[in-house]
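In what follows, a structure is listed as C-alpha cells, so that the remarks can point back to it.
What you see below is based on every heavy atom in this structure, not just the backbone, and it leaves out hydrogens, waters and symmetry mates.
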Amino acid sequence: MSEIRVGLNGCGGMGKGLISQLVTIEGAKLVAGADCFEESRIKFADEYKVPVYESLTDMLAGADLDAVVIATPNDFHAPNTIEAAQAGKHVFCEKPMSLTLENCQAMIDACNKAGVKLQIGQVLRYLPDFNKALELIRAGELGNMRHGLICRYSGPRPDWGGTWRDDPAKVGHNLFEVSVHELDFMRCVFGKPVAVSGWDIPFGEGDKLWSRATTGTVEFESGAICVIIEGMFNPIGRTEVELSGDAGAARFCWGKEFTYKPIAGEGGWTKPGSEIAEGAEDGRRRELREWIECIANDTPPTIPGEEGKANIELALAILKSSAEHRRLTLPLD
C-alpha cells in the first residue's frame, strides 16, 4: 500500500490538531472529514479542501478510504471504531479509548475480526519530558523503578464552557478526559498494575464534574508504588512528575525544568525544558506516523487497543475503590 487514504471523524479542535500533523507524514493522505456540526464541517472543508460529510456512516459510504481517525466525544469512540472496522478501515482512536471495559474489548474484537489496525492516541508518553524520562529508564540510569508521584491539578472550575465536556455521560470523569494520559505513562514506567486504592473527593456545592480531587495509589507486580493526584481543586496548581529507582531519580515540571540525579556518584544534571524539547518530533505526529507505518508495513500498532483498555481499567479501578472504600486487586471483575 503506497499511500494511506485517511478520513477524520470529528472536525473539532482535537481532530484538527491531529490532522495538522497527519498531513506532514509521508505516505498519508487526508481525503475526507465528517462532523455532525455544519460549522465544523465548513471550516474543515475550507482549510483542507476535502469533501466533508454529516456522519461517519456517510463518509464511509461516500469517500475512498483506507483508514479513519476518530476524534469525537468520548462516548462515541466505541461505536465509531466498531463501525469503521466493520467497513474494513484501520482506526486511530483518540484517548480515552472508551468509558467501559466492555466497549474497549468490543473495539479490539471488531478490529481483530476485520483484520485492521487499531492505535490509541496516548500522546503524553511522546512529549519531550515524558519521553526523556522513559529513555533514562530504558537506558538503566534509574535502575529498577520503585516509586512514583504524578501530580496534575489546577484551580476549581464549574464547567468546561458549556461544551460536551460538561456532560458526565459523554466524558465519564476527569480521569478519562485528562489523566488517562498519566495513567498510561505510569504503566509505561512501572509495568503491570496489580492493585489500586482510590479517593475521589468533590469540591464546592453539589457533585460537580470538574471541581474534584482524585488520588490513586497503584501497586505494581514488581513491588513498585505510584501515586497520582489529579483534578481541578487547588488554585495553586501543580504539574510535576517524580520517578525514583534504586539507581537514581528524575523530576520534571512539564517543559519547565528536568532534573536527573544518580543515588551514588556524580553525573546528575538539571536542564531547562527547552533543551529537553530541542529537536523532538511533535508527539501527535509521532503517534500518527507510527500508525501509518504499521498499516503500510503490516506490523503491530505501537499503542494497541489492549494498552488503551488497560488504562481505562486503572481509571475505573480508582473510582470504584473510592466508591466502595476499599483496596481493589486487578484485573477488575
Subject >> Donor-acceptor contact present, side-chain Asp129 to main-chain Gly255, <3.5 Å >> reply: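 Yes, because the side chain of Asp129 sits within donor-acceptor range (under 3.5 Å) of the backbone of Gly255.
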Taking NZ, NE, NH1 and NH2 as the nitrogens, is one of them in [X] or [Y] under 4.0 Å from a carboxylate oxygen of the other?
X	Y	answer
Lys170	Asp75	yes
Arg251	Glu242	yes
Asp64	Arg5	yes
Arg286	Glu290	yes
Arg327	Glu219	yes

Taking atom [atom1] of [X] and atom [atom2] of [Y], what is their separation to the nearest 0.5 Å?
X	Y	atom1	atom2	value
His90	Lys117	NE2	NZ	7.5 Å
Cys151	Glu230	SG	CD	10.5 Å
Leu127	Asp282	CG	CG	8.5 Å

Original post:
Is the Phe76 to Trp164 ring centre distance short of 6.0 Å?
Top reply: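 Judged by ring-centre distance (under 6.0 Å), Phe76 and Trp164 do not meet the cut-off.
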Going by atom types only, do [X] and [Y] share a side-chain donor-acceptor pair under 3.5 Å?
X	Y	result
Thr57	Glu83	yes
Ser179	Arg152	no
Asn311	His181	no
Glu141	Tyr260	yes
Thr270	Glu257	no

**OP:** Kindly indicate whether a cation-pi arrangement holds for Lys271 with Trp269, taking the cut-offs as under 6.0 Å to the six-membered ring centre and within 45° of the axis.
**Re:**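 Yes - Lys271 lies over the ring of Trp269, closer than 6.0 Å to its centre and within 45° of its axis.
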**OP:** Kindly indicate whether a cation-pi arrangement holds for Arg157 with Trp160, taking the cut-offs as under 6.0 Å to the six-membered ring centre and within 45° of the axis.
**Re:**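 Yes, Arg157 lies over the aromatic ring of Trp160.
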Original post:
Just wondering, do Ile318 and Thr214 contact through their side chains at under 4.5 Å, heavy atoms?
Top reply: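 Yes, close enough: below the 4.5 Å cut-off.
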Original post:
With a 4.5 Å limit on heavy-atom distance, are the side chains of Met107 and Cys93 in contact?
Top reply: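 Counting from C-beta outward, Met107 and Cys93 do come under 4.5 Å.
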**OP:** Give me the one residue out of Leu319, Val180, Ile312 that meets side-chain contact (heavy atoms from CB on, under 4.5 Å) with Leu175.
**Re:**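 One option only clears the test, and that one is Leu319.
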Check this for me: [X], atom [atom1], are more than 12 non-hydrogen atoms of other residues, nucleotides or ligands nearer than 6.0 Å?
X	atom1	result
Lys43	NZ	no
Glu135	CD	yes
Glu324	CD	yes

Subject >> Passing option when Asp184 is tested against Arg125, Lys95, Lys309 for salt bridge (Lys or Arg N to Asp or Glu O under 4.0 Å) >> reply: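 Of all the options given, the one that passes is Arg125.
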**OP:** Return the orientation label for the Phe233 and Tyr153 ring planes: parallel under 30°, perpendicular over 60°, tilted otherwise.
**Re:**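 Plane angle between 30° and 60°, so tilted.
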